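These notes concern the structure reproduced below.
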Amino acid sequence: MRLTEFNELVDGQFGTMRGRSLLVDHVLSALDGRTAAQAIEDGEEPRNVWRALCADFDVPRDQW
């Protein structure tokens with residue numbers, strides 16, 4: 001998954017404002033206690049970050 005696709009999915013699922021906030025404020029235990037933004041900056045695959053966000057916010061699996 002490309003970073004642009006990741007950002008589109010975040011915006012589509014959570015809305016632009018809330019999505020941007022989640023990326024920098026919400027700590028993902030599945031990603032070693034990093035935020036989504038930190039994980040991506042550290043080189044984590046956007047697909048893995050997307051799945052971690054979906055799991056934390058109970059997004060239906062068919063949208064992962």
Side-chain angles (χ1 to χ4, degrees):
M1 170 186 292
R2 301 178 98 170
L3 191 54
T4 53
E5 182 183 2
F6 169 80
N7 286 318
E8 289 171 359
L9 288 169
V10 169
D11 290 348
Q13 183 65 45
F14 302 108
T16 303
M17 294 298 289
R18 182 173 181 225
R20 297 300 120 206
S21 176
L22 290 177
L23 294 179
V24 298
D25 293 332
H26 182 73
V27 174
L28 298 159
S29 59
L31 297 176
D32 301 322
R34 297 177 288 176
T35 66
Q38 289 169 328
I40 287 176
E41 187 175 311
D42 291 346
E44 188 71 44
E45 287 292 323
R47 170 70 62 198
N48 295 336
V49 178
W50 173 244
R51 288 179 177 152
L53 280 170
C54 288
D56 274 13
F57 289 95
D58 297 321
V59 174
R61 276 203 179 266
D62 65 337
Q63 296 179 30
W64 291 20

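This chain uses plain numbering: 1 for the first residue, then up along the sequence. Note that the coordinates shown come from a computational prediction; the quantities given were computed from them, not determined experimentally.
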Please examine the side chains of L53 and Q13, heavy atoms only from C-beta on, and report whether any two atoms are closer than 4.5 Å.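 Contact flag for Q13/L53 side chains = no.
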side-chain contact (heavy atoms from CB on, under 4.5 Å) for R20 and N7? Distances and angles first, verdict last. CA-CA 9 Å; R20 297 300 120 206; N7 286 318; 3.1 Å; yes
Worked verdict on V10 versus L22 for side-chain contact (heavy atoms from CB on, under 4.5 Å): CA-CA 9 Å; V10 169; L22 290 177; 5.8 Å; no
Atom of [X], atom of [Y] and distance for their closest heavy-atom approach:
X   : Y   : value
Q38 : G33 : OE1-O, 4.5 Å
V27 : D56 : O-OD2, 4.0 Å
M1  : P46 : O-CG, 3.8 Å
A39 : L31 : CB-CD1, 3.9 Å
V59 : F14 : CG2-CZ, 4.1 Å

Within one Ile-Leu-Val-Met-Phe-Trp-Tyr cluster: M17 and L23, side-chain cutoff 4.5 Å: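 No, M17 and L23 fall in different hydrophobic clusters.
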Just wondering, more than 12 heavy atoms not from Q63 lying within 6.0 Å of its CD?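 Yes, because the 6.0 Å sphere around CD of Q63 holds more than 12 heavy atoms from other groups.
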Counting N and O atoms only, with roles assigned by atom type, does the side chain of R47 sit under 3.5 Å from a partner on the main chain of W64, one being a donor and the other an acceptor?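 Confirmed, R47 side chain pairs with W64 backbone.
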Give, for atom CG of D25 and atom CZ of R18, the distance between the pair rounded to the nearest 0.5 Å.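 Those atoms lie 11.5 Å apart.
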